[in-house]
Enquirer: 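Let me begin by handing over the structure; questions about it come next.
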Amino acid sequence: MPVKNALYVVATPIGNLNDISLRALEVLASVDVVAAEHVQNSKYLLSHHAIHTRMIALHQHNEAAVAHQVSAFLAQGKSAALISDAGTPAISDPGAVLVRQVREQGFPVIPVPGANAAICALSAAGIISPHFLFYGFLPAKTGQRQQALKTLAALPYTLVFYEAPHRIQASLHDMAAVLGGERQLTIARELTKLFETIHQCRLDEAIAWLEADAHRKKGEFVILVSGAPAPDSTEISEQTRNTLTLLLAELPLKQAVKLAAGISGENKKALYQLALSLKS
Ligand code: SAM
């Protein structure tokens, strides 16, 4: 029996319908109502598992209204589940508004973990570096996309993006232009589905790979890009390191780097990288 007054946040498959936990199936079968991003899409999944729980639609433009409806259910001692079209709700998907409202009203929110496209791609990519930054979808317009990429360019973490087929080529082009073509790229396409592809190459080789076969541009994509290369610390003198360390203790990172560069005359980009590693 589900917990009364509780909202369960339930992960569903990202392709293969069997990628759903036993607990998720139990919860979806026993709650009073399931709030789903697209009722029709989720009906297919639930009926595949012989589940016929009442469903209501929750998408980006009605999320606040549905949040009120769900809260009213919970106030009556009923239980509800939230699912999205695929993967984990509220991760590049609607759900956060509902979850926040339910939490603010003091009702329990219970996560039921499962598939997520970003983690699925990372798990199969063999990237040794332990840190990553999940960005999700970049802006659709080139100018804004390049601007967003610039804010990520100095970060020493693997960058994780979601991308749609009609923008994959333009996004990979902008990534190479802004982040640098020598970075390591993983294209994880159609994960857990029939045409699952995990391809690794340099960022500046991506467009040629995509164009070699029209099918490669189709489907859903997770893109992993290696982080900014470690600064060449041999370039930075011991004295400048000490100066930067002292400044970082007192000032915001950007200001400390600017001052250290001004004092030492050393490369600002290398100092920025060093500052990031000193901070972490
Ligand atoms: N909530 C989902 C999750 O937990 O991963 C993400 C939903 S977001 C609206 C959809 C995007 O996730 C797609 O455009 C694609 O970038 C990525 N994605 C979802 N399923 C995928 C799959 N099977 N293979 C590769 N990428 C996928």
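Ligands are counted one by one from 1 in listed order, and the atoms in each one are counted from 1 as well.
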Enquirer: In terms of side-chain heavy atoms, does N16 have a donor or acceptor partner in T192 at a distance below 3.5 Å?
Expert: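 The criterion, which ignores hydrogens and geometry beyond distance, is not satisfied for T192 and N16.
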Enquirer: Just list the N/O pairs, ligand 1 to protein, that are under 3.5 Å apart, with the distance for each.
Expert:
unit_1, atom_1, unit_2, atom_2, d
ligand 1, 1 (N), A86, O, 3.2
ligand 1, 1 (N), T88, O, 3.0
ligand 1, 1 (N), I91, O, 2.9
ligand 1, 1 (N), D93, OD2, 2.8
ligand 1, 4 (O), T88, N, 2.8
ligand 1, 4 (O), N116, ND2, 2.8
ligand 1, 5 (O), N116, ND2, 3.3
ligand 1, 5 (O), A117, N, 2.8
ligand 1, 5 (O), Y162, OH, 2.7
ligand 1, 16 (O), E163, N, 3.1
ligand 1, 16 (O), E163, O, 3.4
ligand 1, 16 (O), F221, O, 2.6
ligand 1, 20 (N), E220, OE1, 3.3
ligand 1, 23 (N), I14, O, 2.9
ligand 1, 23 (N), L191, N, 3.4
ligand 1, 23 (N), L191, O, 2.9
ligand 1, 24 (N), L191, N, 2.8

Enquirer: Can you see whether S237 engages T240 through a side-chain donor-acceptor pair at a distance of less than 3.5 angstrom?
Expert: yes
Enquirer: Quick test of your reading of the model: are E220 and K193 salt-bridged, counting only N-O distances below 4.0 Å?
Expert: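 Answer for the salt bridge query: yes.
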Enquirer: Here's a test for you: under ring pair (Phe, Tyr, Trp, His ring centres under 6.0 Å), which of Y157, F161, Y162 qualifies with F134?
Expert: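 Of all the options given, the one that passes is Y162.
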Enquirer: A quick test of your reading: do over 12 heavy atoms of other residues, nucleotides or ligands sit less than 6.0 Å from CD of E250?
Expert: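 Not buried by this count: 12 neighbours or fewer within 6.0 Å.
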Enquirer: Applying side chain to side chain donor-acceptor pair (under 3.5 Å), which residue pairs with at least one partner in residues 34-46 are found, sequence neighbours left out?
Expert: H38-D85, N41-D85
